[in-house]
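Because only heavy atoms are used, hydrogens play no part in the values below, and waters and symmetry mates are left out as well, while side chains stay in. First listed ligand is number 1; within each ligand, the first listed atom is number 1.
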Amino acid sequence: MVKWVYTFGGGKAEGRAVDADRLGGKGANLAEMASLGLPVPPGLTIISDACSWYHDHGRALPDQMKAEVLQGIKGIEAETGRGFGDSRNPLLLSVRSGARSSMPGMMDTVLNLGLNDETVQALGHISGDARFAWDSYRRFIQMYADVVMGLDHEVFEEILDHEKARFGHELDTELTAVEWQHVTALYKDVIEQELGEPFPQDPDVQLWGAIGAVFASWNNPRAVTYRHLHNIPSAWGTAVTVQAMVFGNLGSSSATGVAFTRNPSTGAKELYGEFLVNAQGEDVVAGIRTPQSITEAARIESGSDRPSLEKVMPEAFAAFQTICERLESHYCDMQDLEFTIERGKLWMLQARAGKRTTRAAMKIAVDMVAEGLIDEKEAVSRIEPSSLDQLLHPTIDPRVSREVIGSGLPASPGAATGEIVFTAEEAVEAEEEGRKVILVRVETSPEDIHGMHAAEAVLTTRGGMTSHAAVVARGMGIPCVAGAGTMRVDLRSEKLIGIGGVTLKKGDIVTIDGSSGQVLKGAVPMLQPELSGDFAQIMEWADKLRRMTVRTNADTPTDARAARSFGAEGIGLCRTEHMFFEGVRIHVMREMILAEDEKGRRAALDKLLPMQRSDFTELFTIMHGLPVTIRLLDPPLHEFLPKSDEEIAEVAAAMAMSPKMLRQRVDALHEFNPMLGHRGCRLAISYPEIAEMQARAIFEAAVNAARQTGEPVVPEIMVPLVGLRSELDYVKGVIDRVATEVMKEAGLEISYLVGTMIELPRAAIRAHIIAEAAEFFSFGTNDLTQTTFGISRDDASAFIPTYQKKGIIEHDPFVSLDFDGVGELIRIAAERGRRTRPDMKLGICGEHGGDPASIHFCEDVGLDYVSCSPFRVPIARLSAAQAAIKAGR
Ligand code: PEP
Ligand code: MG
């Protein structure tokens, strides 16, 4: 029989932190804290399977579950000494969502449940504060009507505004108990008018309504978008936690707050958080009131004149500090905590591993190894490889002067420049047009996440370090300045007004420095990032732990140098064609392509030879003895030719040719499906003189570099788009012949390898035969994906997003390897290739070589190396280490 409900409280719990799959992150950690004997209000958690049950059964709840909930509530009553619906001593409950992985603010919550016309009186009585009781009741009605009954909260805002004006008040806090009571009556009236049914007075009805609504909110559009962005399966569902209410809004000895056990932005070992006196939890994260610092040190650093928790409630602060230390050493990780202080008594409401910037994640991991909390493997496993992107982003050059027009909290590090937009929709439109934008909002809400994704950075004028904008931007790794109180947004006129009245309008350029909190006018020079400090330490550990080597795809000396500085251990792919596009080279290349016969082609190739030779010499020198794989010319030749009439006229004039003749030649080279046409090794077979020139350039460069550096150079020459062994034999024949010639001319022996890319299904299937001629394989998964799926890689973007939206495929197979299809071909080729040649080197050089999930697959198949673009090299190093750890190496 399914156990639907797990209870916790009073120093005991039925579940534990490891049960997050069933209990959700929130329920599992509340259970863990309760079992540690920490002060947690008693409650119960309904498992996430109930969410699927609810959706599969026409939004109904299983009877057995209801019985278990009622039983659980009896336990809460016993623990608190209060009765649910009791007219003298009522128990009030909160009903909250809690998914397996946190989805902050995406789903619904109901607080103060159990209040009705009767229990509100009792609450006033026992709290000795009628005003508090009526305020809580009206909050509950408003929340319940919105979340459960589907009535927009604006109708309530309107009533409240109207009544405040009538009573002559400006702030909510000025309303008296009687006035709130009056507002409450109006709220109930409007519900009945609008919905034709009264606000439910029966606490049981309220309870089932709220539980159902939280399950329903799993499928609200916000949550669906969030899941899509974070790859959270919809089958997981959310758990629901029902817990006794504690009140942070019971006067000046009550408070509510959120805190991190270490600084989530820098990783520094210091308690870091915010709180509000006399407030309910939602008030802190909503960013409506600007919160106060928890510690005195943080208050002083922020220059705030409002007292810290340490100062105003020293006893509760001390208790909280002890709990923070206990939880951190219990979980061996930085914690994100929510707490409430009710009349001086501290209650813990939530604990979870805190979200942090990548920089903080590195520092925390390195520090925790030094503190003996975790080992190096664990430290390496904790860093999300794709998040390294954050550290590989530019920062503002400290040498330039800054025109600061505003400042706020340094909520998420890194710097970015872009045009100002004021809505999420504008950000998305701009991104689609290829424009870079900064999303500027008073504050953000979960509705804005798609716009935040599209933006380079986010600026808000309200809210703290734990506001929605700050938390979400840190998670996304985009820079964010939050709560820039020195600036004002005028949405009506679409203007951003900064210090001294500087006014920028929509479309103007600003730079956001999320590391300092500054907002600068215009674009500013940026510095490229480098590997140092904690980052370097994590990379050093990762390098010790990984099995695969990491090479880079580099076509130019600049790429090669950048890749070396990021730790590349060789070049896995040099696409030689990229060397032919620059400066005068394109003219010579065109001369070669347009030549009438072999003689003409050879004349042009003679001019290209020294250019290629010097490029290769430089690459070999930069790589200093590390392996360098050079691929022979791959793309269809007409890619090098002019297309428009103007271009044709220009090129014809430069080549002393008639435009008509040129047009004819260009047309003759036209292909219907160039990606499946005259390209790859097919070019070397049609025009062996091209392969000959490239081989000569490679071998002569190897001789030069070996003489210059005094170290042997072992070039790896790679033949593209091979499907038949006979193709490879033919091209290898040309290469071997040239090698012999050059060695003879130079009087120097050069070792070299000739291998092939595996980028056609036929090559994968015939790998054992091809391996008789090939000394290495490199999986060209861009083409292999294209040819396996029969999807043109250049046209895929027209429908892949639709496929993803409609759930036909989960990931874009050109970004993350299709394990089942393309992956199967890789497995077959690796196994068959090694059957023929057991020590054959296997690598990957398609885009997937820099994708963490694909790298895990490569480890699994036993490839020797992955090769990726220079900026992804650190990501690949870390992913390769994590893959090796996972494989138990
Ligand atoms: C590939 O096909 O995966 C590859 C690396 O080659 P290119 O992208 O140049 O076709
Ligand atoms: Mg290819």
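In plain terms, the two heavy atoms of Met718 and Ser778 that are nearest each other are SD-CB, 3.5 Å. Heavy atoms only, all atoms of each residue included: Ala427 and Ala454 are closest at O-CB, 3.6 Å. Leu632 approaches Ala691 most closely through the heavy-atom pair CD1-CB, 4.1 Å.
Under a 4.0 Å heavy-atom criterion, Arg631 is in contact with ligand 1. A heavy-atom separation below 4.0 Å is found between Met757 and ligand 1. Using a non-hydrogen distance threshold of 4.0 Å, Arg793 registers as a contact of ligand 1.
A salt bridge is absent between Glu429 and Arg435; no separation between the charged side-chain nitrogens and carboxylate oxygens falls under 4.0 Å. Under 4.0 Å is where a charged nitrogen must lie from a carboxylate oxygen, and between Arg737 and Glu741 at least one such pair does. By the 4.0 Å N-to-carboxylate-O rule, Glu569 lies too far from Arg564 to be salt-bridged with it.
Contact annotation for Thr781 and ligand 1: only backbone heavy atoms (N, CA, C, O) come within less than 4.0 Å of the ligand. The proximity of Asn553 to ligand 1, defined as any non-hydrogen pair under 4.0 Å, does not occur for either the backbone or the side chain. With a 4.0 Å cut-off on non-hydrogen atoms, Leu573 touches ligand 1 through its side chain and not its backbone.
Between the side chains of Thr787 and Glu759, no donor N or O sits under 3.5 Å from an acceptor N or O.
Applying the 4.0 Å criterion to heavy atoms of Asp634 picks out, from ligand 1, the atoms 10 (O). Which parts of ligand 1 touch Asn782 is read off a 4.0 Å heavy-atom cut-off, strictly below it: atoms 1 (C), 2 (O), 3 (O), 4 (C), 5 (C), 8 (O). Against a heavy-atom cut-off of under 4.0 Å, Cys845 is close to the following atoms of ligand 1: 5 (C). For ligand 1, the atoms lying closer than 4.0 Å to a non-hydrogen atom of Asp783 are 1 (C), 2 (O), 3 (O), 10 (O). Atoms of ligand 1 lying under 4.0 Å from any heavy atom of Gly780, numbered from 1 in the order shown and given with element: 1 (C), 2 (O), 3 (O).
Of the protein's non-hydrogen atoms, Arg575 NE, 2.7 Å is the one closest to atom 9 (O) of ligand 1.
Expressed to the nearest 0.5 Å, how far NE2 of His228 lies from NE2 of His450 amounts to 13.0 Å.
Listed by first and then second residue, the ring-ring contact (aromatic ring centres under 6.0 Å, His included) pairs involving residues 828-858 are Phe819-Phe857 (not counting sequence neighbours).
Shown here is Tyr803, whose OH atom has no more than 12 heavy atoms of other residues, nucleotides or ligands within 6.0 Å.
For the Mg ion (ligand 2), the nearby protein N/O/S atoms, meaning those under 2.8 Å, are Glu759 OE1, Asp783 OD2.
In this structure, Arg551 satisfies the cation-pi test against Tyr865, with its NZ or CZ atom closer than 6.0 Å to the six-membered ring centre and inside 45 degrees of the ring normal.
Under the 30°/60° scheme for interplanar angles, the aromatic rings of Phe672 and His670 are found to stand perpendicular.
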